[in-house]
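See below for the structure under consideration.
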Amino acid sequence: MGKRVAVVLAGCGVYDGTEIHEASAVLVHLSREGAQAEVYAPDVEQMHVVDHVKGQPTQERRNVLVESARIARGNIRDLAELDVTGLDALIIPGGFGVAKNLSTWATQGKNCTICKEVEEVMKAFHAAHKPLGLCCISPVLAAKVFPGCEVTVGHDTECERWPYAKTAEAMRELGCKHVNKQVTEVHVDVKNKLVTTSAFMCNAPIHHIYEGIGNMVREVLRLA
């Protein structure tokens, strides 16, 4: 029997939900490694809906669970139903939905709050000594929930390749250790069983993003 891994989504689309390529990469790599993905999302309203052509918010209202079901091909459950007992690991892909729907990082930065169900699930896996995999912006959740943990969001010096590097400084201000890594690399916090990689925090070719996520998935499964 392969490892059972909970994958938590935040909607559908980079600007207001889960980054679809990252979610797909996680699911593909889990499948390749013989693991069983079980997809969850919180049953809450999105912060807002963004027109992905114009890059501008619209007047629409959408539900995170309903939108996440698009990525999961309908095979998804309410995050409130997650039982850590039968699961081996937790992975949360990135996308602005993490900072808008799973937390208030997008508007409050280091002073953000985390969605109640998300925080409870992360703490439950941590308490059970089961690994968590986080990519792109989602390591900010660990920075908030597990003070003193070690994570990476790529690099801490902003440039064209690393446009979101200031995130690293905000995480340090929360008491975390940020470790600079290339896009194909991961950082493993052995004590907290956290595996992080930068994904689309870096302006990199998509196959490099997929490679980094694959390395994250393999490390998570190794720790499980």
Side-chain angles (χ1 to χ4, degrees), residues 2-106 113-125 130 132-141 199-200 206 209-210 213-214 216-217 220-221:
K3 302 283 176 64
R4 295 174 61 202
V5 180
V7 178
V8 175
L9 303 183
C12 181
V14 58
Y15 298 129
D16 57 13
T18 291
E19 211 298 319
I20 297 169
H21 296 290
E22 292 182 21
S24 176
V26 166
L27 297 174
V28 167
H29 285 295
L30 285 172
S31 176
R32 181 170 286 151
E33 297 297 322
Q36 177 185 339
E38 299 190 10
V39 186
Y40 296 84
D43 186 6
V44 297
E45 189 171 303
Q46 291 186 187
M47 176 185 137
H48 63 188
V49 176
V50 174
D51 180 329
H52 279 57
V53 174
K54 298 177 180 177
Q56 298 293 327
T58 72
Q59 296 303 309
E60 280 188 75
R61 298 172 70 175
R62 298 189 186 183
N63 177 279
V64 174
L65 177 60
V66 172
E67 290 302 297
S68 297
R70 294 175 179 272
I71 298 174
R73 297 172 60 86
N75 188 14
I76 194 168
R77 295 170 64 186
D78 186 342
L79 185 58
E81 299 175 6
L82 188 151
D83 181 2
V84 69
T85 306
L87 296 163
D88 297 294
L90 170 68
I91 293 179
I92 306 179
F96 281 97
V98 171
K100 294 178 177 179
N101 305 326
L102 304 189
S103 72
T104 59
W105 185 276
T113 56
I114 309 295
C115 172
K116 177 176 176 288
E117 291 88 350
V118 174
E119 183 169 358
E120 287 177 351
V121 163
M122 292 179 68
K123 287 181 174 178
F125 276 90
K130 296 179 178 181
L132 286 77
L134 306 160
C135 63
C136 195
I137 190 65
S138 65
V140 303
L141 301 175
F200 280 104
I206 195 167
I209 307 293
Y210 267 62
I213 291 173
M216 177 192 73
V217 167
V220 167
L221 294 175

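Hydrogens, waters and symmetry mates are skipped; everything else that's a heavy atom, side chains included, is used. Please read all numbers here as calculations on a predicted model, not as lab measurements.
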Could you pull out the closest heavy-atom pair between Pro42 and Leu9, with the gap in Å?
-> CD-O, 3.6 Å
Check the pair Ile114, Trp105 against side chain to side chain contact (heavy atoms under 4.5 Å, CB included), reporting the backbone distance first and the verdict last.
-> CA-CA 8 Å; Ile114 309 295; Trp105 185 276; over 6 Å; no
To the nearest 0.5 Å, what is the distance between SG (Cys12) and CZ (Arg70)?
-> 6.0 Å
Sort out for me which residue in Asp78, Val7, Leu82 forms a side chain to side chain contact (heavy atoms under 4.5 Å, CB included) with Tyr40.
-> Leu82
Worked check of side chain to side chain contact (heavy atoms under 4.5 Å, CB included) between Ile71 and Ile20 = CA-CA 7 Å; Ile71 298 174; Ile20 297 169; 4.0 Å; yes
Indicate the atoms forming the closest heavy-atom contact of Pro93 with Val98, along with that distance.
-> O-CG2, 3.3 Å
Evaluate the criterion side chain to side chain contact (heavy atoms under 4.5 Å, CB included) for residue pair Leu221 and Val5; output intermediate values, then yes/no.
-> CA-CA 9 Å; Leu221 294 175; Val5 180; 3.8 Å; yes
Can you check whether Gly86's main-chain N or O pairs, donor with acceptor, with Arg4's side chain at less than 3.5 Å?
-> yes
Straight-line distance of Thr18 OG1 to Phe96 CZ, nearest 0.5 Å = 13.0 Å
Is there a side chain to side chain contact (heavy atoms under 4.5 Å, CB included) between Val50 and Lys100 once you walk through the steps?
-> CA-CA 12 Å; Val50 174; Lys100 294 178 177 179; 4.2 Å; yes
Exercise: identify the closest heavy-atom pair between Glu67 and Arg62 = OE1-NH1, 3.2 Å
How long is the span from the NZ atom in Lys130 to the CG atom in Leu90, to the nearest 0.5 Å?
-> 11.0 Å
Taking C-beta and beyond as the side chain, do Asn63 and Asp43 meet within less than 4.5 Å on heavy atoms?
-> yes
Provide the closest heavy-atom pair for Gly133 versus Val220 in the form atom of the first, atom of the second, distance.
-> CA-CG2, 3.6 Å
Met47 side chain near Thr104 side chain, heavy-atom distance below 4.5 Å | no
Hey, are the side chains of Tyr15 and Pro57 touching, using non-hydrogen atoms and a 4.5 Å cut-off?
-> no
Side-chain donor or acceptor of Asn101 paired with backbone N/O of Ala10 under 3.5 Å | yes
Work out which heavy atom in Ile76 is nearest to a heavy atom in Ser68; give both atom names and the distance.
-> CD1-CB, 3.5 Å
Above 12 or not: heavy atoms from other molecules or residues under 6.0 Å from CG of Asn75?
-> no
Are Glu119 and Lys116 close enough for a salt bridge, meaning some N to O gap below 4.0 Å?
-> no
Which atoms form the tightest heavy-atom contact between Phe125 and Asp88, and what is the distance?
-> CE2-C, 4.4 Å
Give, for atom CD of Glu22 and atom CD1 of Ile92, the distance between the pair rounded to the nearest 0.5 Å.
-> 12.5 Å
Please round to the nearest 0.5 Å and tell me the distance separating atom NE2 of His29 and atom CD1 of Ile91.
-> 10.5 Å
Heavy-atom distance under 4.5 Å between the side chains of Val39 and Leu27, does that happen here?
-> yes
Flag the pair Leu87 / Glu38 as yes when at least one side-chain heavy-atom distance between them is below 4.5 Å, and no otherwise.
-> yes
Roughly how far, to the nearest 0.5 Å, is the CD atom of Gln36 from the CG atom of Leu30?
-> 10.5 Å
